[in-house]
Amino acid sequence: QEGRRCAGCERLESVTELLKVRVTALKEMLAIQERTMCAPDAGADDATLQASRHQALLQAWREKLFQLLVQRESDRLVMEHEEARSRELSEGLREDLRQERARQLLLQQRVADAQAQLALVQVKERQLQAAADGAGTRVR
């Protein structure tokens, strides 16, 4: 259960990082938008200036959006890889646990066999002792 909690924490941290990247990107875009829209006039007519500013702003938004999409896809691929690796690790640990349980069962059976053999030896020993005691009392 502790492993699941940590995986949940890691997922939450990953989502938090993605949100921070998005907020940072929006802040950058707002700064670019502000610089573009508030740039001093360079003597161009108003319509040309507005069209130029809007075109520059649109291009900046497109570039930033593309960067964010690439970042999101990259993060998704990394997360998928980490999840696959976690599943493989989990499956490997389950297999190890299964093998250790089988080994434990085998060792328990060996202990039971050894205890049974010891009990047989003790019974034989008592029989021999009883026979020896009986033989000793008959000889006298």
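- In terms of modelled atom types and a separation under 3.5 Å, the side chain of S86 and the main chain of E82 share a donor-acceptor contact.
- The 12-atom threshold is exceeded at CD of Q108, counting heavy atoms of other residues, nucleotides or ligands nearer than 6.0 Å.
- Sorted by first and then second residue, the side-chain hydrogen bond (donor to acceptor under 3.5 Å, both in side chains) pairs involving residues 16-28 (not counting sequence neighbours) are E28-K64.
- For L97, the side-chain contact (heavy atoms from CB on, under 4.5 Å) partners are R101, not counting sequence neighbours.
- Atom CG of residue L26 and atom CE of residue M29 lie 8.5 Å apart, to the nearest 0.5 angstrom.
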Decide side chain to side chain donor-acceptor pair (under 3.5 Å) for Q59 and E63; before the verdict, give the C-alpha distance in whole Å, the side-chain angles of both, and the deciding distance to 0.1 Å. CA-CA 6 Å; Q59 183 62 32; E63 289 173 5; 3.2 Å; yes
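- With rounding to the nearest 0.5 Å, the separation of CD in Q122 from CD in Q115 is 10.5 Å.
- E73 CD: more than 12 foreign heavy atoms inside a 6.0 Å radius.
- Note on L65: it does not cluster hydrophobically with W61, by side-chain heavy-atom contacts below 4.5 Å among ILVMFWY residues.
- At least one donor-acceptor pair closer than 3.5 Å links the side chain of H54 to the backbone N or O of Q50.
- Here E91 pairs with R94 in a salt bridge; the nearest charged N to carboxylate O distance falls below 4.0 Å.
- Distance check, rounded to the nearest 0.5 Å: CG of L30 to CZ of R35 gives 11.0 Å.
- Between Q109 and D113, the side chains place no donor N or O within less than 3.5 Å of an acceptor N or O (distance only, hydrogens not considered).
- Counting only heavy atoms from C-beta outward, the side chains of R76 and R72 never approach each other to under 4.5 Å.
- For the side-chain contact (heavy atoms from CB on, under 4.5 Å) test, residues two or more places apart in sequence or in another chain that qualify with Q99 are E95, D96.
- Checked for salt-bridge contact, R103 and E100 meet the test: a charged N lies under 4.0 Å from a carboxylate O.
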